[in-house]
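Start at 1 and go down the list; that is how both ligands and their atoms are numbered.
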Amino acid sequence: MTEALDGPTAASARVDGWRAEGATIGFVPTMGALHEGHLSLVRAAKRRCDRALVSIFVNPLQFAPGEDLDRYPRDFEGDREKLASAGCDAVFTATPEEMYPDDFSTYVVEDRLSATLEGESRPTHFRGVLTVVCKLFHVARPDVAFFGQKDAQQALLIRRMVRDLGFPLEVSIEPIVRDADGLALSSRNVYLSPDERARALSLSRALAAARAAFDGGERDAAELRAAARRTIEEGGVEPEYLEVRDAGTLAPLERVTERALVLVAARVGKTRLIDNAVLGGDAL
Ligand code: PAF
């Protein structure tokens, strides 16, 4: 059974208890609407640590006006059952009031990795993510925090924040979980109509095309991008970006000599989807 902790103060007290027992803590921050991707993070936390703690908080600070904050899917009871099935020890929720007092005015801003890709179309997004993750780390005080490679830029930024600000924890980035047809799992996939879902497959197909070209010996980033772009456009989807970047710094590449990331974002209907693949390695 997964214990439901009512708010950050209760969660912090539970963490104190675990620490007093000498238990290690694996932490999985989420916004709820959990799917197999989240559960794979919980299972990884259970493999690596004595206790797995999950947070569910739909963080208003990372949504811009006009984004889907109000209609973001929420299902706490369903989430709790799924967490129990994955062996999660405890879950806590928080309210915006608990996280952000009225006169809240302090933020965590990274200004290199966050300036590109997602940061270009969502300029305040990563400030919101880093600020809430920083606050959640203070509550959970984990030994290891788990994030999905699906949000690769987010995961790399959090790893950078942990390094730069000296948080005493490890960031583990876990592989993308996909449906059988290749669609990367995302809480936002519920927005897709059957027709849009079929078109959304062209994102993972585009990444597969880049990977096939890479496996065939292609190292020119423009050629790898072109292979991916042809595939996504054949599927009737216009990418917002489709880039080949260094897998550590997200710097643009001309040739792929080290591990690289192919990253894509596209709107399918009204739903904005992102996906990525590592070239020259399996994990980030
Ligand atoms: O990836 C998410 O679900 C969110 O960005 C996170 C890391 C939980 C912060 O709100």
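- Taking the ring centre of F147 as origin, the terminal cationic atom of R159 falls outside the region bounded by 6.0 Å and 45° from the ring axis.
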With salt bridge (Lys or Arg N to Asp or Glu O under 4.0 Å) as the criterion, how do K135 and E98 come out once you've worked through the C-alpha distance, each side chain's angles and the decisive distance to 0.1 Å? CA-CA 11 Å; K135 287 179 66 89; E98 282 169 315; over 6 Å; no
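- Using a 30° and 60° split on the angle between ring planes, F137 and F27 fall in the perpendicular class, above 60°.
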Expected rows: ligand 1 N/O, protein N/O, dist below 3.5 Å:
unit_1	atom_1	unit_2	atom_2	d
ligand 1	1 (O)	Q154	NE2	2.8
ligand 1	5 (O)	Q62	NE2	2.9
ligand 1	5 (O)	Q154	OE1	2.7
ligand 1	10 (O)	Q62	OE1	2.6

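- F104 and Y100 have perpendicular rings, their planes meeting at more than 60° on a 0 to 90° scale where under 30° would count as parallel.
- The one candidate from D179, N189, T271 that meets the side chain to side chain donor-acceptor pair (under 3.5 Å) condition with R197 is D179.
- Applying the side chain to side chain contact (heavy atoms under 4.5 Å, CB included) criterion to E120, with sequence neighbours excluded, gives T116.
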